[in-house]
Student: 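Have a look at this one before I ask anything.
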Amino acid sequence: MKLHRKITYSVAVAGAVAAGALMAQATVGPKDVAFPQGFDKWQMYQQLNRHDVKQYRELYAKPEIVKAVREGKPVPNGAVLVIAIFAAQQDADGKPTRDAKGNFIKGKPMGVTVMEKRAGWGASVPAAWRNGDWQYAAYTPDGKPNEKANANIKGCFECHLPHAQQDFVISLAGLSGTAAGAAQRPSGPGAVAIAEFLFGPEKVSVKAGQTITWTNIDDSPHQVTVQGASTLRTPVVLKGQSTSLQFTEEGTYGYICGLHPGMKGEIVVTK
Ligand code: HEC
Ligand SMILES: [Cu+2]
């Protein structure tokens, strides 16, 4: 009896493995998005300073892809977009240091993320999080698959999904060269800019009842999320959009970005 059970079990496992192998052949995924050899000789179409994770990032595409998009064409089939991620060098206080042009300075390489668009590639992605015909993959700096990130590839699709109206390319403004003409930085009492994944100023002081207005300067969306007895979330703000809150009670309120929890700010409300 015991022996019989064992045999049944091993047969079932063999069956499952065979089915899994067949599935893997039919499904397009991170394994099909090759490491972009020599990408650092392609066109760097954007540089990015991320305060929230203290990273400096470079975004690359082949010159013919950048050219096509800058001519007003859709992102071509076969396009490969790459981000090279580096730790930002920091001063003694942990503040990222900047070069003469204002960019963070490259530290240790952290990884390479890739998205690639090929006709038919989206068909094997569940409709609920399909990104057109894009597929995603993450690599270590030396070009080995980042197994941990690739195991949760759905996370890549889900975060890019709200950007469907720009073909899921969050940095499309950089790719198309329309990044200039950037959103206006707000000023005045109660005005907070969200730029480079940083709330500026990080600490804002207002009188009770006075309005605090956040304006998003970044290409990436953000969301003010005030933590307290009950969490208060503003709508997600896209580039150029603003959102406001008023506090009637005196006190100090800490807040974060609902999309990038590494972004922190503070509201001080006085009488
Ligand atoms: C938390 C949301 C989020 C997740 C998860 C995410 N991305 Fe992105 N991605 C962004 C943002 C924001 C940008 C714009 C550039 C930046 O901020 O680095 C971006 C840009 C990119 C770009 C450059 C082209 C573009 O769309 O602008 C690539 C390539 C990319 N991501 C790949 C990936 C891969 C691969 C994964 C999964 C391993 C992933 N992303 C997961 C938010 C996300
Ligand atoms: Cu944010």
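Along the sequence shown, residues carry numbers from 1. Just so you know, these numbers come straight off a predicted model, no measurement behind them. Atoms within each ligand, like the ligands themselves, are counted from 1 in listed order.
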Student: Does one side chain, of Tyr136 or Asn150, offer a donor that lies under 3.5 Å from an acceptor on the other?
Tutor: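 Their side chains do not contain a donor-acceptor pair, so the 3.5 Å distance test is not met.
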
Student: Just distances here: any N/O of Tyr45 and N/O of ligand 1 closer than 3.5 Å?
Tutor: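 Between Tyr45 and ligand 1 (N or O atoms, distance only) the closest approach is not under 3.5 Å.
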
Student: At what distance, to the nearest 0.5 angstrom, does CH2 of Trp214 lie from CD1 of Ile194?
Tutor: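 Atom-to-atom, Trp214:CH2 and Ile194:CD1 are 8.5 Å apart.
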
Student: Strictly distance-based, threshold 3.5 Å: is any side-chain N or O of Gln166 a donor or acceptor partner for the main-chain N or O of His163?
Tutor: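 Side chain of Gln166 to backbone of His163, a donor-acceptor pair under 3.5 Å: no, none is there.
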
Student: With ring-ring contact (aromatic ring centres under 6.0 Å, His included) as the test, would you mind laying out the steps for Phe199 and Tyr255 before giving the verdict?
Tutor: CA-CA 10 Å; Phe199 295 110; Tyr255 70 94; 4.7 Å; yes

Student: Tell me: protein heavy atom nearest atom 18 (O) of ligand 1, and distance?
Tutor: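 Closest protein heavy atom to atom 18 (O) of ligand 1: Arg57 NH1, 2.6 Å.
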
Student: Count, excluding waters, the protein N, O or S atoms that are closer to atom 8 (Fe) of ligand 1 than 2.8 Å.
Tutor: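 For atom 8 (Fe) of ligand 1, the figure is 1.
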
Student: Give a yes or no on whether the backbone of Gly132 and the side-chain of Arg130 come within a donor-acceptor separation of less than 3.5 Å.
Tutor: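 Side chain of Arg130 to backbone of Gly132, a donor-acceptor pair under 3.5 Å: yes, one is there.
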
Student: Considering only non-hydrogen protein atoms, determine which one is nearest to atom 12 (C) of ligand 1 and report residue, atom name and distance to 0.1 Å.
Tutor: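 The protein heavy atom lying closest is Ser220 OG, 3.5 Å.
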
Student: Output yes when a side-chain donor or acceptor of Ser176 lies under 3.5 Å from a complementary backbone atom of Leu172, and no otherwise.
Tutor: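 A pair under 3.5 Å: yes.
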
Student: For a quick test of your reading: what N or O donor-acceptor pairs under 3.5 Å do the side chains of residues 112-122 make, sequence neighbours left out?
Tutor:
| unit_1 | atom_1 | unit_2 | atom_2 | d |
| --- | --- | --- | --- | --- |
| Glu116 | OE2 | Arg118 | NE | 2.7 |
| Glu116 | OE2 | Arg118 | NH2 | 2.8 |
| Lys117 | NZ | Val75 | O | 2.6 |
| Lys117 | NZ | Asp167 | OD2 | 2.8 |

Student: Looking only at protein heavy atoms, which one is nearest to atom 15 (C) of ligand 1, and how far off is it?
Tutor: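 For this ligand atom, the closest protein heavy atom is Leu48 CD2, 3.6 Å.
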
Student: Starting from the Cu ion (ligand 2), look over the N/O/S atoms of His260 and name the nearest one.
Tutor: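 Closest to the Cu ion (ligand 2) among those atoms: ND1.
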
Student: One pair to check against side-chain hydrogen bond (donor to acceptor under 3.5 Å, both in side chains): Gln89 and Thr97. What are the steps and the verdict?
Tutor: CA-CA 6 Å; Gln89 286 189 25; Thr97 48; 4.7 Å; no

Student: Within this structure, what is the CD-OG1 distance for the pair Glu266 and Thr252, rounded to the nearest 0.5 Å?
Tutor: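 Glu266 atom CD to Thr252 atom OG1 measures 5.5 Å (nearest 0.5 Å).
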
Student: If the contact criterion is a heavy-atom separation under 4.0 Å, does Arg50 count as touching ligand 1?
Tutor: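 Contact check Arg50 vs ligand 1: positive.
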
Student: At under 4.0 Å between heavy atoms, which part of His260 makes contact with ligand 1: side chain, backbone, both or neither?
Tutor: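 Neither part.
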
Student: In terms of atom number and element, which parts of ligand 1 are under 4.0 angstrom from non-hydrogen atoms of Phe168?
Tutor: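 Counting from 1, the qualifying ligand atoms are 26 (O).
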
Student: Between the Cu ion (ligand 2) and His222, which N, O or S atom of the residue is the nearest one?
Tutor: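 Per the distance ranking, His222 contributes ND1 as its closest N/O/S atom to the Cu ion (ligand 2).
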
Student: Below 4.0 Å, non-hydrogen atoms only: which portion of Val114 touches ligand 1? Side chain, backbone, both or neither.
Tutor: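 Contact part for Val114 vs ligand 1: backbone (N, CA, C, O).
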
Student: Within ligand 1, which atoms have a heavy atom of Leu81 less than 4.0 Å away?
Tutor: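 Near Leu81, meaning under 4.0 Å from one of its heavy atoms, ligand 1 has 24 (C), 29 (C).
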
Student: Heavy-atom distance to atom 27 (O) of ligand 1: which of Ala149, Gly174, Ser171, Ala151 wins?
Tutor: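 Among Ala149, Gly174, Ser171, Ala151, the closest heavy atom to atom 27 (O) of ligand 1 comes from Ser171.
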
Student: Just need the protein heavy atom nearest to atom 35 (C) of ligand 1, so name the residue and atom and give the distance.
Tutor: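 Answer, as residue, atom name and distance: Ala137 O, 3.3 Å.
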
Student: Restricting to pairs with a member in residues 217-246, which pass ring-ring contact (aromatic ring centres under 6.0 Å, His included), not counting sequence neighbours?
Tutor: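 For residues 217-246, and leaving out neighbouring residues, the ring-ring contact (aromatic ring centres under 6.0 Å, His included) pairs sorted by first residue read Phe197-His222, His222-His260.
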
Student: To the nearest 0.5 Å, how far apart are CG in Asp32 and CD in Gln135?
Tutor: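 Answer rounded to 0.5 Å: 7.0 Å.
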
Student: Can you tell me how far CD of Glu196 sits from CG of Asn103, rounded to the nearest 0.5 angstrom?
Tutor: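 Atom-to-atom, Asn103:CG and Glu196:CD are 8.0 Å apart.
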
Student: I need the contact type for Phe197 against ligand 1. Using non-hydrogen atoms and a strict under-4.0 Å cut-off, is it side chain, backbone, both or neither?
Tutor: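 Phe197 to ligand 1: side-chain contact only, backbone stays beyond 4.0 Å.
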
Student: Extract all donor-acceptor atom pairs below 3.5 Å that involve side chains of residues 56-70 and protein atoms in other chains or at least two apart in sequence.
Tutor:
| unit_1 | atom_1 | unit_2 | atom_2 | d |
| --- | --- | --- | --- | --- |
| Tyr56 | OH | Gln47 | NE2 | 2.9 |
| Tyr56 | OH | Glu58 | OE2 | 2.7 |
| Arg57 | NE | Gln55 | OE1 | 3.0 |
| Arg57 | NH2 | Gln55 | OE1 | 2.8 |
| Glu58 | OE1 | Tyr60 | OH | 2.7 |
| Lys67 | NZ | Glu71 | OE2 | 3.1 |
| Arg70 | NE | Leu175 | O | 2.9 |
| Arg70 | NH2 | Gly174 | O | 2.7 |

